[in-house]
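Reviewing the structure listed below.
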Amino acid sequence: MRLFWTLILIVLYNGYSSEGVNSTLSARPKVVNIGCMLSFNTLVGKITKIAAEAAVEDINSNPDVLGGTKLNMITLDSNASGFLGIVEAIRFMETDTMAIVGPQSSVIAHVVSNIANELQVPLLSFAATDPSLSSLQYPFFVRTSPSDKFQMEAIAEMVEHYEWREVIAIYIDDDFGRNGIAALADQLAKRRCSISYKAAMKPGATLDDARDVLVQVALRESRIMVVHTYPTKGLEIFSMARYLGMIDKGYVWIATNWLSTILDAGSPLSSDEKENLEGAVTLRIHTPGSELKQKFVSQWSNLTRKAGLTGSSGMSTYALYAYDTVWLLARAINEFFNQGGNVSFSKDPRLTELNSGSMNLDSMSIFNGGKLLRDNIFKVNMTGVTGPFSFTSNKELFRPTFEVINVVGTGFRKVGYWSEYSGLSIVPPETLYSKPANRSSSNQQLHSIIWPGQITEKPRGWVFPNNGRQLKIGVPNRASFREFVGKVPGADSFRGYCIEVFTTAIDLLPYAVPYKLVAFGDGHNNPDDTELIRLITAGVYDAAIGDIAITTNRTKMVDFTQPYIESGLVVVAPVKEQNSNAWAFLSPFTPRMWCVTGVFFLIVGTVIWILEHRLNDDFRGPPSKQIVTVLWFSFSTLFTAQRENTVSTFGRIVLLIWLFVVLIINSSYTASLTSILTVQKLSSPITGIESLVNTKEPIGYQLGSFARNYLIQELRIDESRLVPLNLPEDYAKALKDGPSRGGVAAVVDERAYMELFLSSRCQFSILGQEFTKNGWGFAFPRDSPLAVDMSTAILKLSENGELQRIHDKWLSGIACTSQNTKLEVDRLQLKSFSGLFFLCGLACFLALLIYFVMLACQYCQYYPNSEVASESSRSGRLQTFLSFADEKEESVRSRSKRRQLEVTSVRSIDQDASVNGSRNDRSEIYSNRVVSFGESV
């Protein structure tokens, strides 16, 4: 039985060992081997080798890091050669190494990563920044510095910040260069920018090769250069660019972080090299300040001297990341051992089968603990000399940041930062992490930059290509309305309002624009402007000018300039003169207005009568007289002062408001009637686009105009009703003939055309208002900088009055002779006076309400409840109230005074009776007094 359990434990041990993990914590080895692949003859290779060795020394000097285990780093020189690097990597795999720091080159990393995947050996590279080295394709590749994807995003945001649209990419044509520029293209596309030209250079390019490439670049339009290459090759490119006069005013040179590496770690630049780089902008990986960083930097000079480097070797961010990479690997190895990891290797049976000749493929072994070690590497969260060091879920460094550097004079200066969290800023990104992310354009900031040519003003970023090619500008060759644009007979030139606006605007540009106008259309039929726009997107034309309306569909294809003339769609139809008749005096008001006005005359008269009846003798008398008084008083307010005077306060208030209403009505009536009787009027059964749509009659439109699609798609007019017309004469004939003789009921076209058409044809007129708001502009390809500059020039023409002068020159012809002619206007509607009638009605209501409240109070005062209660029926009480309301107020007051005298007399008799002591006498006297009072009444 004991033998059985022993065999089981051996099997379990071997099973776990095959995965690099023991069931119990195994004894840590005294030494573990790691590899380091660098190019020792390069600047980056030299300084990162020193940093990596310094990290190994610091780790081995501290037994707490690996629990007593030492790191043994084996370094190999790849000689910056892809082939030799691959050979060295294969040789490396023959040794029992747990992980490899490197390789330095992205080209080598692509090949070595395939080998690492097969043998499950993690690769930790701080310099292979190619974005295509993803963890999905290469799960054992660990990038320990920011990917070029973030660097290209920073450059794209700078391009967007300075409102440039196109850049030229100059790069080395290998995996590193191509994939980096591909990432730049993706980032630019997100911001509606693009790479207009890719200037690729072979890896071993000479100065002559660089010159040939830059000559082609100089012939291009864009002046924004992005240089993505290696340090030594980059300096050669800048040297040749200066020789060709390309480090000058108008150019922008943006270099990736290869330039900041030279500035930080290279030997002091010569005066010529400094002049070559004058005004360039580069990026540098941002590493926040810390005590660890300061301590490492202070030791750098001793480290370089100990390594035997001659000359001045400064500190580079690559050295910092190399140092942290070794520490990252050490912490992951420590956790690997803490989890029971075991350093063991096994043969790959597939390599054994392929082994033949002297390649010794079977000497390469699979690291059984590779997956566990790789997982621990991605879980490390530490603080190194580069700052906080950890990975995101997609295996990239957390919050990569860059510094924006401007090369000026004999040195360089920091003009800002970029981070994936906050974008461009002038404060360190780590100070913004505690605040909400703000990527708005207004929050993107950089300090001022000194550009090539020692200018601080932002370069325009483009010029016309210096290749002898002229802009090919399409111009509609119209058959009608040639005052706007027309081809000169027997010549290749054009004339007209639109042409003069274009030539005047282009003369205002601060640079020369070589162009050639090319006719579009045969001159016999008006061309389709939408088709002309489409040919710009197809590359047939570089621009289009003329009477081109700016519509939604067209703006999806091209960019338009600022409109230089407003021109919406209008309806034109025949009109006829309308003569006055015997009942013209009724025309100013609608029937409803007449009725309401008459009703208010009666209402106001009645209200005034009620308010004045008890006070004013003019409003008293027989019923027939009072009815006549009401009618006379109310209607006489329209013409003259009233014979009757108003004496009550409420009556005067109501009358004052009513007189104001009458004044407004009278003035409006007089003005409208004067217009009807003195101005010639034109009438038409069509009043605008709404009435035209509701009919079934044919509608004319200009051939080639966007009006056809608008009427069909937007207004849902049947296509069979639309009749294309080509010339102004066709317009006139179709409108004169009308639908009954094969013509049209109306024409729908742009106002600019119709105003010119109507200037000599008075029998037609524009009906209703514009039902679209459009303008004419010049069309350019999408994101063309020329469209922006031309818009600015058009605005200048508008501000200085030149645009109006051009308009008057071409379009202010002889107007229609019937200057006093106008279209039939609508009658005065009730809604125009509803506010006045409401105010007057409210005044009448309030006056009557207050009057009847006061009347009721007076009635209760003069007729006490005892007397009212004596009435036997409601009709009697109502009759008493109406009699009281009809009675003149002066009579009521006098009767009230007599009643008060009688009451006083009765009280005196009561006093006399009490003195005499005779109740009977007092009753008799009282009865006599009452009888005498009744008789007097």
Side-chain angles (χ1 to χ4, degrees), residues 129 131-132 146-171 177-199 217 220-228 250-257 280-283 286 394 396 399-406 415-426 429 432 436-449 451 458-463 537 555-561 780-789 791-792:
T129 54
S132 66
S147 167
D148 278 346
K149 178 185 71 173
F150 303 107
Q151 184 173 201
M152 297 307 174
E153 184 177 355
I155 294 176
E157 288 210 16
M158 290 175 58
V159 172
E160 181 186 31
H161 175 69
Y162 289 108
E163 299 178 344
W164 297 317
R165 285 290 173 259
E166 293 181 344
V167 304
I168 293 177
I170 304 172
Y171 61 99
R178 282 193 304 271
N179 295 328
I181 295 304
L184 175 62
D186 293 340
Q187 295 297 331
L188 289 173
K190 293 179 181 179
R191 296 159 177 82
R192 288 192 63 186
C193 303
S194 63
I195 299 176
S196 62
Y197 181 69
K198 293 182 179 180
V217 168
R220 304 293 167 173
E221 179 179 301
S222 177
R223 286 294 180 262
I224 312 300
M225 312 296 170
V226 178
V227 184
H228 183 52
Y251 282 89
V252 174
W253 289 86
I254 301 175
T256 51
N257 63 344
V281 177
T282 185
L283 298 176
H286 173 62
N394 58 357
E396 296 285 358
R399 287 179 176 171
T401 58
F402 289 88
E403 298 172 358
V404 183
I405 305 298
N406 181 207
V415 296
Y417 303 86
W418 178 89
S419 70
E420 190 181 22
Y421 180 79
S422 57
L424 297 174
S425 65
I426 56 177
L432 302 175
N438 186 353
R439 298 298 297 267
S440 63
S441 57
S442 59
N443 199 53
Q444 304 300 296
Q445 297 178 342
L446 288 176
H447 291 298
S448 62
I449 294 177
W451 306 100
K458 182 197 77 171
R460 187 171 68 246
W462 67 278
V463 296
T537 62
T555 56
K556 294 177 181 178
M557 295 185 284
V558 296
D559 283 347
F560 282 94
T561 62
F780 294 89
R782 294 298 296 269
D783 301 322
S784 172
L786 188 56
V788 179
D789 291 350
S791 294
T792 304

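Each residue takes its place number in the sequence, starting with 1. Since this is a predicted model, take the numbers as computed values, not measurements.
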TODO: Look only at the side chain of Thr129 and the backbone of Ser147, and say whether a donor-acceptor pair between them is shorter than 3.5 Å.
DONE: no
TODO: Please report the closest heavy-atom contact between Val167 and Ser222, naming both atoms and the distance.
DONE: CA-OG, 3.6 Å
- [ ] State, yes or no, whether a side-chain contact exists between Val159 and Leu188 at a heavy-atom distance under 4.5 Å.
- [x] yes
Open item on the list: Is the shortest side-chain heavy-atom distance between Arg399 and Ser419 below 4.5 Å?
Closed with: no
- [ ] For the pair Thr282 (side chain) and Ala255 (backbone), establish whether a donor and an acceptor sit closer than 3.5 Å, ignoring hydrogens and angles.
- [x] yes
Open item on the list: Could you measure the distance from the CD atom of Gln445 to the OG atom of Ser422? Nearest 0.5 Å is fine.
Closed with: 11.0 Å
- [ ] Taking all heavy atoms of Trp164 and all of Pro459, pick out the closest pair and write down the distance.
- [x] NE1-O, 2.9 Å
- [ ] Please report the shortest heavy-atom distance between Gly250 and Arg223, naming the atom on each side.
- [x] O-CB, 3.3 Å
TODO: Given side-chain contact (heavy atoms from CB on, under 4.5 Å), test His447 with Asn406 step by step and report yes or no.
DONE: CA-CA 10 Å; His447 291 298; Asn406 181 207; over 6 Å; no
TODO: Supply the atom-to-atom distance Glu166 CD to Trp462 CH2, rounded to the nearest 0.5 angstrom.
DONE: 10.0 Å
Task: side-chain contact (heavy atoms from CB on, under 4.5 Å) assessment of Gln151 paired with Gln187 - done: CA-CA 10 Å; Gln151 184 173 201; Gln187 295 297 331; over 6 Å; no
Open item on the list: What I'd like to find out is whether the side chain of Pro785 reaches to under 4.5 Å of the side chain of Glu221, using heavy atoms alone.
Closed with: yes
Open item on the list: Any non-hydrogen side-chain atom of Trp451 less than 4.5 Å from a side-chain atom of Val281?
Closed with: yes
- [ ] Begin with the C-alpha distance, continue with both residues' side-chain angles, and end with the deciding distance and a verdict on side-chain contact (heavy atoms from CB on, under 4.5 Å) for Leu184 and Ile195.
- [x] CA-CA 8 Å; Leu184 175 62; Ile195 299 176; 4.2 Å; yes
Task: Gap between atom CD1 of Ile426 and atom OH of Tyr417 - 0.5 Å precision - done: 10.0 Å
Open item on the list: Working to the nearest 0.5 angstrom, can you tell me the gap between Ile168 CD1 and Ile254 CD1?
Closed with: 12.0 Å
Open item on the list: Nearest 0.5 angstrom please: Asn179 CG to Tyr171 OH, how far?
Closed with: 10.5 Å
TODO: Give the minimum heavy-atom separation between Tyr162 and Lys458, together with the two atoms involved.
DONE: O-NZ, 2.9 Å
Open item on the list: Which heavy atom of Asp559 sits nearest to which heavy atom of Arg782, and what is that distance?
Closed with: OD1-NE, 3.2 Å
Open item on the list: Just so I know, are the side chains of Phe402 and Thr256 near enough to count as touching, which here means a heavy-atom distance under 4.5 Å?
Closed with: no
TODO: Report the C-alpha separation of Arg460 and Asp789 in whole Å, then their side-chain angles, then the decisive distance to 0.1 Å, and conclude whether the side-chain contact (heavy atoms from CB on, under 4.5 Å) test is met.
DONE: CA-CA 10 Å; Arg460 187 171 68 246; Asp789 291 350; 3.6 Å; yes
Open item on the list: Nearest 0.5 Å, please: how far is CG in Leu432 from CG in Asn443?
Closed with: 8.0 Å
Task: Under 3.5 Å donor-acceptor, Gln444 side chain and Leu424 backbone - done: yes
TODO: Taking all heavy atoms of Ser448 and all of Val415, pick out the closest pair and write down the distance.
DONE: O-CG1, 3.8 Å
